[in-house]
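Remarks on the structure that follows.
Order of the sequence lines sets the chain letters (A, B, ...), proteins ahead of strands, with each chain counted from 1. These figures come from a predicted structure and were not determined experimentally.
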There are 2 protein chains.
Amino acid sequence: MRITLDALEVLDAIDREGGFSAAARRLHRAQSAVSYAVRQLEEQLGLQLFDRDGWRAHFTPAGRLVLDEARRALAAAQRVEAIAAGLDQGWEPRLAVVVDAVLPLGPVFAAIAELDAAGAPTRVEVVSATLGGVPRRFDEIDADLMLAKELAPRADLHLLPLAEVEMVLVAAPAHPLAQQGGISRASLDAHRELLVYDSGAPMPAASEHALGSSRRFLLADFGSKQQALLAGLGYGWLPTSLCTGLLQQGALVELPLEHGSRFRFVPTLAHRRDRPLGRAGRALLGLLTAEPSPG
Amino acid sequence: MRITLDALEVLDAIDREGGFSAAARRLHRAQSAVSYAVRQLEEQLGLQLFDRDGWRAHFTPAGRLVLDEARRALAAAQRVEAIAAGLDQGWEPRLAVVVDAVLPLGPVFAAIAELDAAGAPTRVEVVSATLGGVPRRFDEIDADLMLAKELAPRADLHLLPLAEVEMVLVAAPAHPLAQQGGISRASLDAHRELLVYDSGAPMPAASEHALGSSRRFLLADFGSKQQALLAGLGYGWLPTSLCTGLLQQGALVELPLEHGSRFRFVPTLAHRRDRPLGRAGRALLGLLTAEPSPG
DNA sequence: AGACTCCATCGGCTGCGTTGATGGAGAATG
DNA sequence: CATTCTCCATCAACGCAGCCGATGGAGTCT
C-alpha cells in the first residue's frame, strides 16, 4: 500500500474547506504540510489532482473522481474504528435477519433505524423470503435472526412468539366472487386461487390454508400477489398489512367466506442457541417483541 | 483518521502468513516492526486483536472481525489507486447502463465480463427497466448508456442501432387459444392479454403492439410475464430470448396469428452527446454493437 | 496601489517507525 | 529429558518522512 489514508483525508478536507490553507486550518497543520501531502499523492497516483492557476487551486475532473473514491476508502477505514469501538461495548459487526414476506417489514426497518440512532456500528442485512425459503435463506446466509410465519421445530433455535398477524381473503371488486353473498369453500373451487410459492423449493408445496381450488396460480412474492389480486386474476389471502389501505379504497374487497374470511397466526422470532446475540441483535429482538405489530 | 492503512495491511499479512515473523518477511520488514505496528493498532482501537499464549499469536474473535472490516478498507484504498491508474489510460471510474428488460441481458453481462478481463477498474452499474421507465431511469441515475426498445427523439442523445430482436406471441399449451388454428385479431379479444407496464408511470400507457383485448393484465416485468404465461393466465408477446427454450420444451406454444405471430424491432443504443464516453464506455459500446445479438 | 489571500518551495528539526539484538516461552527432535 | 528451533516482546539506536515557519510569486479586493 503506497497511498496513505492521511493523504486522502487531506484531499477530503480541501474539498470541504475549499482550499489548501483552509484545509490546513481544519486539520490543525501548517499549510505547507497540505501542499506537501497533495504533491506526494499526485506523484504516487501519477495524476494531476488540482489545477493551479496561480491563485486558488481547483480540483481537476480526474481529481474529483479520485476524491469520490477516496471518500469511500475513508468511510471504510472509519468503519474499522467504529467496529472496534462497538465491539468494546458489545455491538456485533454484522447482524443478518431473514423476514418472511407475509410479515410487515415496516417495524423491522423502524427498529433498525432506532439501532442506527443509538449509534450501533452494526452492518444490518435484511433478507425477505417466503415459506420454506425463510429457514433456507437463514442457513444460507448464516443469519442471526429469523422472523417466520411457521417454523419446523429445530433443536438449535430459540423461539419467541411475535404479535399476531391477520390474513384476509380478498379479491378485486370486479371479480365474480365479489358479487356473491355467503361463499362456501366449494364455490371457491370454480375460481383461481393465487398463491405465493417458494421459488427455491423443487415443487410448490401445498400451503396449509390453500383452499381447494382446482386452478391455482403461483406467484413469487406478495408484491406480485397483491398486483395480481388488484388485476382481478383471482382471489387469495393477503396479510392485513398489505391490504387494509386497498380495502378502504375499495380496490380490493373482503370475500364473505362462510367459515370465516380471516384467520390469524402468531409469527415466530428465532435465533440460534449456540451463538449469543450481540448488543444489536438483543436490541432488535427487544424492539420487535415490544412492538404491538410483529416483524 | 488515527489508524493507518499500513497497520491494516500488516494485519492482513499476519493472517495470510500465519504469524508475525512470516508477515514481516512478506512485508520485507523486521519482525519487531510488525510487533510494533500490531501493538500500536491495538492501542488505537482499544482492543486486543491477538491472543499471545507466549508462542504463536492467534487472532482473537474480535481481531478476526476487525480483520474482516480492515480488508474492505484495504480494497477501497486499492480502488483509489486503480481508479487513478485507470484514469491515466482513459478508463472512467463509473459507467451506468440502463437496459430495457425486453432485451437479453446476457450479452451485456458478457461484455462487462470482457471489460473486467481487460483490467478496467470501472465500476459498472446495470439497471433494468421497462418502457417509459428506461429513459426515466437513465436520467434519474445520470447513466452513460441506454439500451432501449424505442426512444422518443432527444437532441442530447446520440443513437446507434443494435441487432434486431424478435417478439413472439405465445401462450401455455393448455390455454384455449393454443387449441385453435388460425387466430384472428378479433378472436384474441375474448382472452386476457398479459402486458408489461411501467410501474413508475402514472397510468399504464397502451403499448403499440397491445392487441385489442378487452381484458388486459399488467405485470411489472418480463420475468413475471413469463411466469404468468407459463401458468396459463393469458397470452402475450415475449422476446425470443425469453422463450425459445420454453417453446422447444413445449412449456409455451406460439399462437398462429393470421397477420403474423412474430414481429421484429431494432433496439437503440443511446449515449449523451455532451459527455464523451470513457474507455470502458467505448469498449462496451463496441462489444455491444459488434455482438450479433443485441443488448 | 496597497493590502490580502492563496499556494509553492525551502531549510531545519522532531519524532515515528525502522532495524538488529536480546530474552522468554512453547514446539520439535532425538 | 536435553537440545535446538521458532515465535514473539522489548529495548536502544538511528534515519528519514513529514511537520513547521519563513519566504516569495501570483491573483483578488477596495
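Whole-Å rounding puts the L41(B) CG to dC16(C) C1' distance at 16 Å. Summarising the geometry, the separation between CG on L5(B) and P on dG17(C) is reported as 13 Å, rounded to the nearest angstrom. Rounded to an integer number of Å, the gap from R56(A) CZ to dC7(C) P is 6 Å. Remark: P of dC7(C) and CD of Q31(A) are 7 Å apart, rounded to the nearest angstrom. Per the geometry, NE2 belonging to H28(B) stands 16 Å off C1' belonging to dT19(C), to the nearest Å. In this structure, E43(B) places its CD atom 12 Å from P of dC16(C), rounding to the nearest Å. Separating the CG atom of D6(B) from the C1' atom of dG18(D) is a distance of 15 Å, rounded to the nearest angstrom.
Y36(B) meets the ring pair (Phe, Tyr, Trp, His ring centres under 6.0 Å) test with no other residue; sequence neighbours excluded. Under the side-chain hydrogen bond (donor to acceptor under 3.5 Å, both in side chains) criterion, D68(B) pairs with R72(B), not counting sequence neighbours. Every residue two or more places apart in sequence or in another chain was checked for a ring pair (Phe, Tyr, Trp, His ring centres under 6.0 Å) with H58(B), and none qualifies. Listed by chain and number, the residues in a salt bridge (charged side-chain N to carboxylate O under 4.0 Å, His left out) with R39(A) amount to none (sequence neighbours excluded). By the side-chain hydrogen bond (donor to acceptor under 3.5 Å, both in side chains) test, R71(A) is found to be paired with D12(A), D15(A), residues two or more places apart in sequence or in another chain being considered. With sequence neighbours left out, D100(B) forms a salt bridge (charged side-chain N to carboxylate O under 4.0 Å, His left out) with no residue at all. By the salt bridge (charged side-chain N to carboxylate O under 4.0 Å, His left out) test, R25(A) pairs with no residue at all, sequence neighbours left out. Residues passing the salt bridge (charged side-chain N to carboxylate O under 4.0 Å, His left out) test with E42(A), sequence neighbours excluded: R52(A).
Using a 4.0 Å heavy-atom distance criterion, A33(B) is classed as a base contact. Residue contacts for H58(B): at a heavy-atom cut-off of 4.0 Å it reaches no nucleic acid atom on any strand shown.
At a cut-off of 3.5 angstrom, the base of dA17(D) holds no donor-acceptor pair with the side chain of Q40(A).
Distances shown here put a side-chain N or O of S35(B) below 4.0 Å from the OP1 or OP2 atom of dA9(D). Checking the phosphate oxygens (OP1, OP2) of dC20(D), no side-chain nitrogen or oxygen of R29(A) falls inside 4.0 Å.
When the nucleotides dC11(D), dC8(D), dG21(D) are ranked by their closest atom to the side chain of R52(B), dC8(D) comes out on top. Listed nucleotides dA8(C), dC16(C), dA9(D) differ in distance to Y36(B); the shortest reach to its side chain belongs to dC16(C).
When the C1' atoms of four end pairs are superposed on the next four at each end of the helix from dA1(C)-dT30(D) to dG30(C)-dC1(D), using five pairs per end, the two resulting axes differ in direction by 40°, to 10°.
Test L151(A), V97(A), L159(A) against M146(A) for side chain to side chain contact (heavy atoms under 4.5 Å, CB included) and you get one pass: L151(A). No option in L288(A), T268(A), L285(A) other than L285(A) meets the side chain to side chain contact (heavy atoms under 4.5 Å, CB included) test with L160(A).
For the contact set between residues 59-69 of chain A and DNA chain C, defined by any heavy atom under 4.0 Å, there are no members. Remark: G19(A), F20(A), S21(A) in residues 14-27 of chain A come within less than 4.0 Å of DNA chain C through at least one heavy atom.
Checked for salt-bridge contact, R272(B) and D274(B) miss the test: no charged N lies under 4.0 Å from a carboxylate O.
Among residues at least two apart or in separate chains, ring-ring contact (aromatic ring centres under 6.0 Å, His included) pairs with a member in residues 123-162 of chain B are H158(B)-H271(B).
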